[in-house]
Every structure is written in structure tokens, then in C-alpha cells.
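The structure appears below as C-alpha cells.
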Amino acid sequence: MQKEINIKYEYFSNISELNDIEKQLFAKAKEIREKAYAPYSEFLVGCALLLEDGTIVVGNNQENAAYPSGLCAERTAIYWTSANHPNKKILKIFVVGGSQRNEQNADIITPPCGACRQSIMEYESKQAMDIEIYFASVSGEVYKTNSIKDLLPFNFDSSYL
């Protein structure tokens, strides 16, 4: 028997369609993206998190010659948040990524990788509340899901242990 999974997401053709806080998160993620350390892939990613108290935390990808010792922007921001704001809930995650060497890819929308999806799942489970996920191209096209479960439908969390 074959079954099908459908996900819901919103599409924004440019950031002018976002509300003010979402525009701010896009701007912060895009800005911190420029400071990423990605000398090997030249693929820069920035991430901005909105916490329940209005704090915005940013992170970017950090590569290392000893693969896979680097860390993605999403996990950099999430882990820093957990270490420094352990009891605050994450409301929104905004990711902006794209190739530094290939500017023609400025319109490619960059979603979180598998490891980042699983890490976001851990924090959604920990806080018992969904996190809105926004992922965007450098040029400002955006996809939004209401939960990481939309991007990771067969997810694994502590309830399996």
C-alpha cells in the first residue's frame, strides 16, 4: 500500500510581504551570513532566532578543514541560545543562504539540512511548542513552515527512547 504525506508551507515572493519582525529577522540573518567562515564551500548561511522575550540571536556557518568538524548556522544559533538562554522558547527561525562564488544562485531558497532539522526538532520537543521556520534566498524569496515537523514528517524525538 502506498501512502502520501502532504506538507503545508507559505510562499513569499519577496520580503515586502513579511511583517516587520520577519523583515528584521531576514535582515539580521542576511547580515550575519556575510560573516560566515566558509573558505571551502564558499556557501554562506546566516540564521536569526526570535526568542519569546523579543531577543534576536544570530549565527552563521563555521567550516573546518577537518570535515565534518564545522557547524551550520542554525545549530550555531540554537546551541548558543540554549547555553545562554536555556529557559527561553524559540518562536521563529529565519535562515538565509547562498553561494558566494556563484551569484547566479541568489534566487535559490536554502532550507535547513538534515542535521539542523533534527536539532530544531529537539528544541521544539524540549519547549513543547512549534517553531516557525523561514528559509530564504539571498534575493528575498521566502518559504515558511509552522513547524519543523513539516520539513521532517518522520521525525525522531525523545518519546522513542
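No hydrogens, no waters, no symmetry mates; every other heavy atom, side chains included, goes into these values. Everything quoted here is computed from the prediction, not taken from an experiment.
- Looking only at atom types and distance, the side chain of Ser137 has no donor-acceptor partner in the side chain of Asp107 under 3.5 Å away.
- Under the 4.5 Å side-chain contact rule for hydrophobic residues, Phe94 and Tyr11 do not share a cluster.
- Across all non-hydrogen atoms, the minimal contact from Thr76 to Gly59 is CG2-CA, 4.2 Å.
- With sequence neighbours excluded, the residues that form a side-chain contact (heavy atoms from CB on, under 4.5 Å) with Leu91 are Leu50, Glu52, Met129.
- Residues satisfying the side-chain contact (heavy atoms from CB on, under 4.5 Å) criterion with Ser99, sequence neighbours excluded, are Phe43, Arg101, Asn102, Asn105.
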Exercise answer: donor-acceptor pairs, residues 149-160 side-chain atoms, under 3.5 Å, sequence neighbours excluded:
unit_1: Lys149; atom_1: NZ; unit_2: Glu124; atom_2: OE1; d: 3.1
unit_1: Lys149; atom_1: NZ; unit_2: Asp130; atom_2: OD1; d: 2.7
unit_1: Lys149; atom_1: NZ; unit_2: Ser147; atom_2: OG; d: 3.3
unit_1: Asp150; atom_1: OD2; unit_2: Asn146; atom_2: N; d: 3.4
unit_1: Asn155; atom_1: ND2; unit_2: Leu152; atom_2: O; d: 3.3
unit_1: Asp157; atom_1: OD1; unit_2: Ser159; atom_2: N; d: 2.9
unit_1: Asp157; atom_1: OD1; unit_2: Ser159; atom_2: OG; d: 2.4

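- Ile131 and Leu18 fall into different hydrophobic clusters, defined by Ile, Leu, Val, Met, Phe, Trp and Tyr side-chain heavy atoms under 4.5 Å apart, directly or through other members.
- Nearest heavy-atom pair across Ala77 and Thr81 is O-OG1, 2.8 Å.
- Atom CD1 of Ile56 sits about 11.0 Å away from atom NZ of Lys92, to the nearest 0.5 Å.
- Cluster membership for Val96 and Ile15, using ILVMFWY side-chain heavy atoms within less than 4.5 angstrom, is shared.
- Side chain of Glu63 to backbone of Ser41: a donor-acceptor contact under 3.5 angstrom is found.
- Rounded to the nearest 0.5 Å, atoms CD (Glu122) and CD1 (Ile148) are 12.5 Å apart.
- Between the side chain of Ser82 and the backbone N or O of Ile78, no donor-acceptor pair lies under 3.5 Å.
- Val142 and Ile21 end up in the same hydrophobic cluster when Ile, Leu, Val, Met, Phe, Trp and Tyr side chains are linked at under 4.5 Å.
- Val57 and Tyr134 fall into different hydrophobic clusters, where Ile, Leu, Val, Met, Phe, Trp and Tyr residues are linked whenever their side-chain heavy atoms come under 4.5 Å apart, directly or through other members.
- Sorted by first and then second residue, the salt bridge (charged side-chain N to carboxylate O under 4.0 Å, His left out) pairs with a member in residues 3-15 read Glu10-Lys144; sequence neighbours excluded.
- With values rounded to the nearest 0.5 angstrom, Asn60 atom CG is found 9.5 Å from Cys47 atom SG.
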Distance-only criterion, 3.5 Å: show the donor-acceptor pairs between side-chain atoms of residues 24-39 and protein atoms not counting sequence neighbours.
unit_1: Lys30; atom_1: NZ; unit_2: Val138; atom_2: O; d: 3.2
unit_1: Arg33; atom_1: NE; unit_2: Leu44; atom_2: O; d: 3.0
unit_1: Arg33; atom_1: NH2; unit_2: Gly98; atom_2: O; d: 2.9

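- Residue Tyr40 places its OH atom among more than 12 non-hydrogen atoms of other residues, nucleotides or ligands, all under 6.0 Å distant.
- Thr55 contributes no side-chain N or O that, together with a main-chain N or O of Leu51, makes up a donor-acceptor pair within less than 3.5 Å.
- Rounded to the nearest 0.5 Å, atoms CD (Glu74) and CD1 (Ile133) are 9.0 Å apart.
- Note: Arg117 CZ to Cys72 SG = 11.5 Å, rounded to the nearest 0.5 Å.
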Take Glu141 and Asn14, measure what side-chain contact (heavy atoms from CB on, under 4.5 Å) needs, and give me the verdict at the end.
CA-CA 5 Å; Glu141 259 186 296; Asn14 62 65; over 6 Å; no
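- No side-chain heavy atom of Tyr143 sits under 4.5 Å from any side-chain heavy atom of Phe12.
- When all heavy atoms are compared, the tightest approach of Pro111 to Phe135 is CA-CD1, 3.4 Å.
- Inspection of the Gln62 and Asn64 side chains reveals no N or O donor paired with an N or O acceptor under 3.5 Å.
- For Asn84, the side-chain contact (heavy atoms from CB on, under 4.5 Å) test picks out Trp80, with sequence neighbours left out.
- The aromatic rings of Tyr123 and Tyr79 sit tilted, their planes meeting at an angle between 30° and 60°.
- No donor-acceptor pair under 3.5 Å is formed between the side chain of Arg75 and the backbone N or O of Ser119.
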